[in-house]
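Step one of this worksheet: look at the structure below.
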Amino acid sequence: MPANSLEQVRNLCMRRGFVFPGSAVYGGVASFWDYGPLGVELLNNIKKAWWQDTIYTRNDMEGLDAAVLMSRKVWQHSGHEATFSDPLVDCKACRSRFRADDLVGAWIGKVRQEDVRRADTWLRHFQAHERVCAAMPEPLRTAGVQIMQEIQAAHEIWWPLGRLFLKFKDAGDEAAARKMVDDEDARRANQRMKSAQEAHKQFIEQNATAFEFACFKAKEIECPKCGSKEFTEPRNFNLMFQSHVGPVAADKGTDEEKAARVYLRPETAQGIFMNFAHVQRAMARKIPFGVAQIGKAFRNEITPGNFIFRTREFEQMEIEFFIKPPQFVKEGEKNDQQWHEEWVEQRFNWWLRYATSPSATLEDRDATAARFRARAQTPDELAHYAKATTDIEYLFPGSLGWGEIEGVANRTDFDLTAHSNDIPEEDLKRLKLEPNKDSTVKLDYFDPDAKARYIPWVIEPSAGATRAMLTFLCEAYHDEVVTEPTKQQIDQIKSDAAMIRKNAEKKIKEAQKEIAAGREAKHDPAKVEAFLNVLDETVARLPASLTELLTALDHEGAQNLEPVKKFRPPTEKLVEDCTRTVLRLHPALAPVKLAVFPLKKNKPELVELAQAIKERFQRHFRVVYDDSAGIGRLYRRQDEIGTPFCITVDFESLEDGTVTVRERDSMEQERVKIDDLPSYLLPRLQGE
RNA sequence: GCGGGUGUAGCUCAGUGGUAGAGCAUCACGUUGCCAACGUGAUGGUCGUGGGUUCGAGUCCCAUCACCCGCUCCA
């Protein structure tokens, strides 16, 4: 069984040097992770497997590595800048989309259109603003509420005077009005009102974004279409990280600033489109052909999380495969839809191949295959550039569930057309594009076969390299029982579990009493009961369920139960003694391919030979030498990081030149001549 | 963004206002003939951070940061 929680994988990653939290010395920065010694090996191996399988073993592919920073114009014409630069809200009732700042601006101005001479209008207005301020985060909340209370207090004093003043003025009684203006109390009240209003205005201006957000949170805004007050939160879709080329002193938004602005790519694809003509000419390629690229991409995600699944800096493995537009496809040639299907199949099989270890049984393979699926996106999920997209998804453990690991999109001729000058009117209409006055070229292609010039269509298989790492880790992770606990040990667990139940049932009764008396209870009876059921069920299935015991103890309802705390350490010890953690990684992906041990570390001749074997292989792949523990522990350590083979040098080795080769998944050992090691290991490391 | 939880040694955690602990890991020496061996000793913590209450705070209060879970969201 693969990992049953992301937590297990996360722990292993941090403990064994796959992944570390970024900027940890300063408390960390959410969503950024560093890849440690084993992580960089695994990630490199994944990228290598992808590069070899998509470029070397095909006849229609080329590689590329474009710059991360690209001209702002790339992202203007690709549609990325315009589509995702404003704070947007969706009405949950009628699904209309609005700019959040427009709605809030209209709402603030609304009172001016109403009868400004009515006291209750103003009061309602101030109270509404106070509710909005109350929905703001601290310290804005306190400051805002204070300002709104002051304005209400000032209004209460000022309003009767103001109304009197207006009354005189309306009646044409200038003398009385003037007398009021000169009156000391009235002036003071007026002054207080004015400064309160000023403070209010400034507060909103200075905290525009937070205020905007709070308006929706406080449910003060109405949908202009349907009147509902239920909106999604304002999302500022400015997903791209910005920087500037050269020193820029200008303020944001000025022409000077914009001219120097560059974006960190949110996808590697545009770098390929920029180089379509270069690659085609330089390599004398005919359509169909593809360009592959591996590289970092950056998205300022609104909600990052789930370990390395969604991060703001990540790595993509992308292919843009250029094909004939439908109107030029001849009888017997693949059209865009068929190319799309073929790539989905190709890529799906790639995932399955590397998700399984060669030692996997048919049942294992079926179980693995069941955790992958290809799912066609529904029309409302499709990105602005795509005609169709099929997501390849993996069933991650725990709450993450099905997650996208690759998208295979049919981008039509959208991108190459968008980056071309002189776009014909019908294409502008068809692709909903604006004319491109910035581009210097037309990204078309003369097809000698069709004897026509056209802009190719594109199929884009785009996989996440960092997500691939998480996928393969989750799939490879196994806690295995290797030594059955004794009957005595099982009986001990059973009696401990019975004791836990007895104690917990007492706690449930106590809690029920507290709840009946209207007091807060220390335990939630339902949760404790649920925990007891899980525990009993797990204990009943011993010894097969041994590794599940610890998961059961992590149950919500197990918290604050004393006997559970006592039960945990010996149980942990027992589970650890009886199980091994093994990463059944495909050998091509394993960060360390081979480990060499001397059977005894205090025999120099064994150490010497073991180190010599290590040195013999270290030019070809990652191999480690270790003698810092007993042989059993050394094997376990390597299992945990997925090392496919371990070699042990013993006294027999000195005599007949053979060593013990121990295979990771089966733990079986074989005697192999040192000279035969290359021919023994090589095919096995390639997964044959 | 909201709600709940967690934060103590490299890791897993105990510590219920009164001298900071255990197991594992690491290092040294010895022992050890193949699946998480053992003995002896050593290293290692301003208890996430910043305030406050107190004679005294890992423990109580407030704030803040990070992570986890659940919603919400997601090119």
Side-chain angles (χ1 to χ4, degrees), chain A residues 5-7 10-12 14-17 20-24 26-32 78-80 83-84 89-90 92 135-139 210 213-214 216-217 232-235 237 239-240 266-267 269 297 299 301-307 309-310 377 381-386 389 391 398-400 403-404 407 409 411 462 482-483 524 550 554 556 559-560 562 565-566 568-570 572-573 575-582 597-603 606 628-640 646-652 659-662 664 667-669 671:
Chain A
S5 77
L6 261 193
E7 201 51 34
R10 224 180 103 90
N11 275 341
L12 179 70
M14 299 213 218
R15 203 173 63 242
R16 296 305 308 269
F20 303 122
S23 309
Y26 292 101
V29 185
S31 160
F32 293 93
S78 72
H80 288 80
T83 320
F84 300 105
V89 287
D90 291 341
K92 283 183 176 171
M136 292 171 90
E138 293 291 3
F213 213 88
F216 290 96
K217 202 177 149 194
T232 58
E233 284 168 352
R235 288 152 299 163
F237 273 141
L239 247 65
M240 289 189 289
E267 61 173 20
R299 297 178 190 181
E301 295 282 359
I302 302 157
T303 327
N306 283 321
F307 193 35
F309 181 76
R310 178 173 288 112
Q377 282 192 5
E381 283 179 284
L382 287 176
H384 63 279
Y385 49 72
T389 298
D391 285 342
S399 61
L400 183 47
E404 179 190 342
R411 289 177 85 132
S462 167
V482 282
T483 320
D524 181 336
L550 299 181
D554 285 335
E556 252 190 314
Q559 280 169 9
N560 295 321
E562 282 305 317
K565 282 183 188 172
K566 274 186 204 149
R568 184 187 287 271
E572 271 174 2
K573 178 90 173 63
V575 170
E576 260 175 46
D577 287 350
C578 294
T579 61
R580 66 163 184 163
T581 298
V582 53
F597 317 132
L599 190 57
K600 295 173 73 154
K601 70 172 165 186
N602 52 2
K603 297 289 179 217
L606 293 187
S628 63
I631 196 74
R633 176 165 307 218
L634 294 179
Y635 285 147
R636 291 289 192 271
R637 270 187 203 158
Q638 296 304 322
D639 287 343
E640 208 179 29
C646 294
I647 286 175
T648 303
V649 174
D650 56 20
F651 292 109
E652 224 178 304
V659 289
T660 305
V661 179
R662 181 259 197 189
R664 178 193 68 201
M667 296 193 285
E668 271 165 17
Q669 301 184 347
R671 213 61 204 180

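Computed from a predicted model, the values in this text were never measured in an experiment. Labels below follow one simple rule: chain letters A, B, ... track the order of the sequence lines, proteins then strands, and each chain is numbered from 1.
Under the rule for a ring-ring contact (aromatic ring centres under 6.0 Å, His included), the partners of A:Phe307 that lie at least two apart in sequence or sit in another chain are A:Trp33. With sequence neighbours excluded, the residues satisfying salt bridge (charged side-chain N to carboxylate O under 4.0 Å, His left out) with A:Glu7 are A:Arg10. Listed by chain and number, the residues in a side chain to side chain donor-acceptor pair (under 3.5 Å) with A:Arg662 are A:Asp639 (sequence neighbours excluded). Residues satisfying the salt bridge (charged side-chain N to carboxylate O under 4.0 Å, His left out) criterion with A:Glu267, sequence neighbours excluded, are A:Arg411.
Contact detail for A:Thr648 and A:Leu599: the closest heavy-atom pair is CG2-CD1, 4.0 Å. Pairing each heavy atom of A:Cys646 with each of A:Tyr635, the nearest pair is CB-CE2, 3.6 Å.
Among the atoms of the strands shown, none is found under 4.0 Å from any heavy atom of A:Phe309. Note on A:Phe597: nothing from the nucleic acid sits closer than 4.0 angstrom, heavy atoms only. Across all strands, A:Pro21 comes closer than 4.0 Å to no nucleic acid atom at all (heavy-atom distances).
For B:C74, its base sits under 3.5 Å from the side chain of A:Arg310 at one donor and acceptor pair at least.
A donor-acceptor contact closer than 3.5 angstrom links the side chains of A:Ser628 and A:Arg637.
For the pair A:Lys600/A:Phe651, a side-chain contact is recorded, criterion being any heavy-atom separation below 4.5 Å from C-beta on. No side-chain heavy atom of A:Gln669 sits less than 4.5 Å from a side-chain heavy atom of A:Val661. Contact annotation: the side chain of A:Arg636 approaches that of A:Val482 to within less than 4.5 Å [non-hydrogen atoms, C-beta and beyond].
For the pair A:Glu652 CD and B:C34 P, the interatomic distance rounds to 13 Å; values are reported in whole Å. Rounded to whole Å, the distance from CZ on A:Phe216 to P on B:C73 is 15 Å. One can place CE of A:Met14 at 16 Å from P of B:G7, the figure rounded to the nearest angstrom. Spacing between atom CZ of A:Phe651 and atom P of B:G33 amounts to 8 Å, rounded to whole angstrom units. Atom-to-atom, CZ of A:Phe32 to P of B:C67 comes out at 11 Å; the value is rounded to the nearest Å. Remark: C1' of B:U26 and CZ of A:Arg16 are 13 Å apart, rounded to the nearest angstrom.
Nearest nucleotide to the side chain of A:Asn306, out of B:U32, B:C69, B:C34: B:C69. Which of B:A75, B:U31, B:G33 sits closest to the side chain of A:Asn602 comes down to B:U31. Checking B:C34, B:A75, B:U31 against every side-chain atom of A:His80, the shortest atom distance belongs to B:A75. In the set B:C34, B:C68, B:A75, the nucleotide with an atom closest to the side chain of A:Arg671 is B:C34. Listed nucleotides: B:A75, B:C34, B:U26. Nearest to the side chain of A:Ser628: B:U26.
Of the nucleotides present, none pairs with B:A36 by Watson-Crick or G-U wobble criteria with both distances under 3.5 Å. Remark: B:C60 base-pairs with B:G52; criterion is Watson-Crick or G-U wobble with both hydrogen-bond distances under 3.5 Å. Nucleotide B:A22 has B:U12 as its partner under the Watson-Crick or G-U criteria, with both atom distances under 3.5 Å. Taking a pair to require two hydrogen-bonding distances under 3.5 Å in either a Watson-Crick or a G-U wobble arrangement, B:C74 remains unpaired. With a cut-off of 3.5 Å on both Watson-Crick or G-U wobble distances, the partner of B:G45 is given as none. As the counterpart of B:G7, B:C65 is assigned, both hydrogen-bonding distances of the Watson-Crick or G-U wobble pattern falling under 3.5 Å.
With both ends at atom C1', the span from B:G18 to B:C60 equals 15 Å, rounded to whole Å. With P as the reference atom, B:C24 and B:A42 are 16 Å apart, rounded to whole Å. For the P atom pair drawn from B:U6 and B:A14, the interatomic distance equals 10 Å after rounding to whole Å. Nucleotides B:A66 and B:C29 have their C1' atoms positioned 42 Å apart, rounded to a whole Å. Rounded to a whole angstrom, the distance from the P atom of B:G30 to that of B:G23 is 24 Å. For the P atoms, the distance linking B:C69 with B:C35 amounts to 38 Å, nearest Å. When the P atom is used for both B:G1 and B:A36, the distance is 48 Å, rounded to whole Å. Comparing B:G48 with B:G33, their C1' atoms sit 48 Å apart, to the nearest whole Å.
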Polar atom pairs between nucleotides 35-38 of chain B and protein, under 3.5 Å, N or O only, would you list them?
residue	atom	partner	partner atom	Å
B:C35	O2'	A:Arg636	NH2	3.4
B:C35	O2	A:Arg636	NH1	2.8
B:C35	O2	A:Arg662	NH2	3.1
B:C35	N3	A:Arg662	NE	2.9
B:C35	N3	A:Arg662	NH2	3.2
B:C35	N4	A:Arg662	NE	3.3
B:C35	N4	A:Met667	O	2.8
B:C35	N4	A:Gln669	NE2	3.0
B:A36	N7	A:Glu576	O	3.3
B:A36	N7	A:Thr579	O	3.1

Can you give me the N/O atom pairs linking the protein to nucleotides 8-14 of chain B at distances under 3.5 Å, or say none if there are none?
none

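Checking side-chain atoms of A:Arg664 against main-chain N and O of A:Gln638 turns up no donor-acceptor pair under 3.5 Å.
Distance check, rounded to the nearest 0.5 Å: CZ of A:Arg15 to OG1 of A:Thr581 gives 7.0 Å.
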